[in-house]
Amino acid sequence: MKLLVRNIARTVKEEELKAAFEKFGTVQSCSIVIDKETGISKGFGFVEIPNPGHCKAAMKSLNGKELAGSLLRVKKAESAEDREAKENKAIEKKEAKAKAKEEAKKAEEQRKEERQEERLEAEESAAIKSFTSKTKSYGKNKGVNDHIWKK
């Protein structure tokens, strides 16, 4: 099992890091990442311990512990496949969220259009009702006020 060790003091050598992890079992490999241009440690590295039980014990015990003045952060290293799967899952989640948002937007627009149509139908119905009631009342009252208009 491979571990990612972060926050390693720049002064720590691979031998020191390896010694810290060997307290928990056999260390198969240990490497600190070095900047190619400067030759100085980048502050992180990898430790591989073949026994999963020893690896978990080392991870649990050394995470947050001080080594050369820096608190180490130790976790399981992700393989390239794990990182890719994680990234793909995040992309799928983002796309699904965008699709759901677009569908919600379309549904809202459709509800808006339906409400607008209902309003127009209600206004048209009210206008027709108003018009028919006026024409009916005109017919009923025909001749009632004719004497006023004859003058």
Side-chain angles (χ1 to χ4, degrees), residues 1-140:
M1 185 179 218
K2 198 170 196 175
L3 297 174
L4 169 63
V5 184
R6 292 185 175 181
N7 204 36
I8 301 172
R10 307 283 191 232
T11 59
V12 172
K13 303 293 179 207
E14 286 180 2
E15 296 79 27
E16 294 174 72
L17 185 62
K18 185 176 181 180
F21 279 86
E22 281 181 334
K23 295 175 186 171
F24 301 94
T26 306
V27 174
Q28 187 173 344
S29 66
C30 177
S31 62
I32 294 177
V33 178
I34 305 295
D35 187 305
K36 290 178 183 176
E37 292 179 15
T38 64
I40 299 172
S41 165
K42 287 191 172 188
F44 71 95
F46 297 93
V47 176
E48 194 168 356
I49 300 174
N51 184 314
H54 295 160
C55 192
K56 287 179 183 176
M59 185 171 39
K60 189 174 181 179
S61 296
L62 294 175
N63 188 39
K65 295 295 180 189
E66 186 180 332
L67 179 65
S70 292
L71 297 178
L72 298 178
R73 293 189 334 221
V74 184
K75 69 176 195 172
K76 182 181 174 189
E78 291 180 349
S79 66
E81 295 86 24
D82 290 343
R83 279 192 308 276
E84 187 175 336
K86 198 175 192 180
E87 289 169 3
N88 289 340
K89 190 174 181 179
I91 289 169
E92 288 172 5
K93 188 176 179 180
K94 189 175 181 180
E95 288 172 351
K97 190 175 180 180
K99 185 177 179 183
K101 190 175 180 180
E102 184 64 32
E103 288 174 359
K105 187 177 177 181
K106 285 180 182 178
E108 179 61 30
E109 288 174 7
Q110 186 176 0
R111 284 193 295 274
K112 237 182 197 179
E113 288 175 11
E114 289 171 357
R115 286 193 302 265
Q116 181 67 22
E117 286 177 20
E118 289 172 0
R119 268 187 247 133
L120 291 174
E121 287 174 5
E123 288 173 6
E124 183 180 5
S125 176
I128 290 171
K129 192 174 184 179
S130 173
F131 179 74
T132 54
S133 67
K134 286 180 183 177
T135 56
K136 285 180 184 175
S137 70
Y138 176 73
K140 287 181 191 175

Requested in this report: Quick one: pull up CD in Gln116 and CD in Glu113 and give me the separation to the nearest 0.5 Å.
Outcome: 9.5 Å
Query raised in the report: Between atom CD of Glu95 and atom CG of Asn88, what is the distance when rounded to the nearest 0.5 Å?
Result: 9.5 Å
Report task. Using a cut-off of 6.0 Å, state whether more than 12 heavy atoms not belonging to Glu78 lie near its atom CD. Result -> yes
Report summary line: Correct closest heavy-atom pair for Asn7 and Leu71 would be ND2-O, 2.6 Å
Query raised in the report: Any side-chain heavy-atom pair from Leu72 and Lys65 closer than 4.5 angstrom?
Result: no
**Report entry** Results of side chain to side chain contact (heavy atoms under 4.5 Å, CB included) for Ala19 - residues two or more places apart only
**Finding:** none
Query - side chain to side chain contact (heavy atoms under 4.5 Å, CB included) between Leu3 and Phe46, intermediate numbers included - result: CA-CA 6 Å; Leu3 297 174; Phe46 297 93; over 6 Å; no
Query raised in the report: Looking only at heavy atoms, what is the nearest atom pair of Ala68 and Thr11, with distance?
Result: CB-OG1, 4.3 Å
Query raised in the report: Roughly how far apart are Lys18 NZ and Cys30 SG, rounded to 0.5 Å?
Result: 7.5 Å
Query raised in the report: Which heavy-atom pair separates Lys13 from Ile32 by the least distance, and what is that distance?
Result: C-CD1, 3.7 Å
Query raised in the report: Under the salt bridge (Lys or Arg N to Asp or Glu O under 4.0 Å) test, which residues partner Glu108, sequence neighbours left out?
Result: Arg111, Arg115
Query raised in the report: Given Lys89 and Lys93, is the side chain to side chain contact (heavy atoms under 4.5 Å, CB included) satisfied, shown in steps?
Result: CA-CA 6 Å; Lys89 190 174 181 179; Lys93 188 176 179 180; 5.7 Å; no
Report summary line: Rounded to the nearest 0.5 Å, the CG atom of Asn63 sits from the CZ atom of Arg6 at a distance of 11.0 Å
Report task. Could you name each residue pair satisfying side-chain hydrogen bond (donor to acceptor under 3.5 Å, both in side chains) that touches residues 21-50, not counting sequence neighbours? Result -> Ser29-Glu48
Query raised in the report: So, for Ala58 and Phe21, which heavy atoms are closest and what is the spacing to 0.1 Å?
Result: CB-CD2, 3.8 Å
Query raised in the report: When rounded to the nearest 0.5 angstrom, what is the spacing between CD in Glu81 and NZ in Lys86?
Result: 14.5 Å
**Report entry** Rounded distance [0.5 Å steps], CD1 in Ile40 versus CZ in Arg10
**Finding:** 8.5 Å
Query raised in the report: Where do Val12 and Ile8 come nearest, in terms of heavy atoms and distance?
Result: CB-CG2, 3.7 Å
